[in-house]
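These notes concern the structure reproduced below.
Sequence lines set the chain letters: A, B, ... in the order given, protein chains first and strands last, and positions in each chain run from 1.
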Amino acid sequence: MADPMKIRATMSGDKVEVKVLMSHDMETGQRKDSKGAVIPAHFIQHVTATHNGKVVLSAQWGPAVSKNPFMSFKFSGGKPGEKVSITWTDNKGDKRTDEATIS
Amino acid sequence: MNNDRRKVLKGTGGMAVMGLAMSAGLLKPGSAWAQDWNKAAFATKNLADTVKAMGGAGASESKDIAIVSPDIAENGAVVPFTINSRIPKTESIALLVEQNPNALAASFDIPAGTDAGVTTRVKMGRTSNITALVKADGKFYYTTKEVKVTIGGCGG
């Protein structure tokens, strides 16, 4: 299991601004190790953000997204105290879900 | 020498099979995401092919998409991008790095109620044109910006 995500959800005006920092290697599959063998690709493919059971953002990523990916977006309809949940799945089937409270 | 090469081939073969098994697994009904990872789109080399793989016929240039990024990226491994679309009914935003081995870096689906703007960080192998591709009301629009890279992000 990978390390937890850092999620920050804050009100900005009447919208909720969500910032997420994930902990993932995001190996491209292009690099080689010291013996010349290709390091297999290992990267996040799907990211889904939900608020009150409603999807507020979904993303598909390729290996070109940076190591320890960062993402931010804004959505309307959220209130302080409610929860935002983020889930990612990588190409090896690993999965992680974390939650944050809107402040 | 030959032996090593065999090993590598074997290794990549195994990976491909694993990948297939996984994408089949992801297709299970009732999973949180409606669609499977768009493998075809992530294997494309340029804008036109990517648009095709995403189900569009062609894209037109638009001034209503803004790419916010550094003009010169000192470190290609981490280049921050913000894409904002002012086109009404924006459904998805994708980011393409033309000179990377595969052009498409990330694609975001924007449901109603979410701002048509996302920020993320991507790797760039070398100086390249960056294209923001926006799907709005079933049509594709794009805008392009060149970003110079002084140290590449793929070679390590």
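For the set B/Val97, B/Asn38, B/Val79, B/Leu104, the entry with the most heavy-atom pairs within less than 4.5 Å of chain A is B/Asn38. The choice from B/Leu95, B/Asp115, B/Ile110 that makes the most heavy-atom pairs within less than 4.5 Å of chain A is B/Asp115.
In this structure, chain B has a heavy atom under 4.5 Å from the backbone of A/Lys67, while its side chain stays farther away. Contacts of B/Ala41 with chain A are absent, with no heavy-atom separation under 4.5 Å from either backbone or side chain. Heavy atoms closer than 4.5 Å to chain B are found nowhere in A/Lys32, neither backbone nor side chain.
With a 4.5 Å cut-off on side-chain heavy atoms, B/Phe108 and A/Gln60 do not count as touching. In this structure, B/Thr119 and A/Phe73 have side chains that are not in contact, with every pair of non-hydrogen atoms separated by 4.5 Å or more. Counting heavy atoms from C-beta outward, B/Asp109 and A/Leu57 have side chains that stay 4.5 Å or more apart.
B/Thr120 places no side-chain N or O within donor-acceptor distance of the main-chain N or O of A/Met71, the cut-off being under 3.5 Å. When atom types are taken as modelled, the side chain of B/Trp37 and the backbone of A/Trp61 share a donor-acceptor pair closer than 3.5 angstrom. Side-chain atoms of B/Thr114 never come within 3.5 Å of backbone atoms of A/Phe75 as a donor-acceptor pair (strictly under, hydrogens ignored).
Here CZ of B/Arg121 is found 6.0 Å from CG of A/Leu21. Values are rounded to the nearest 0.5 Å.
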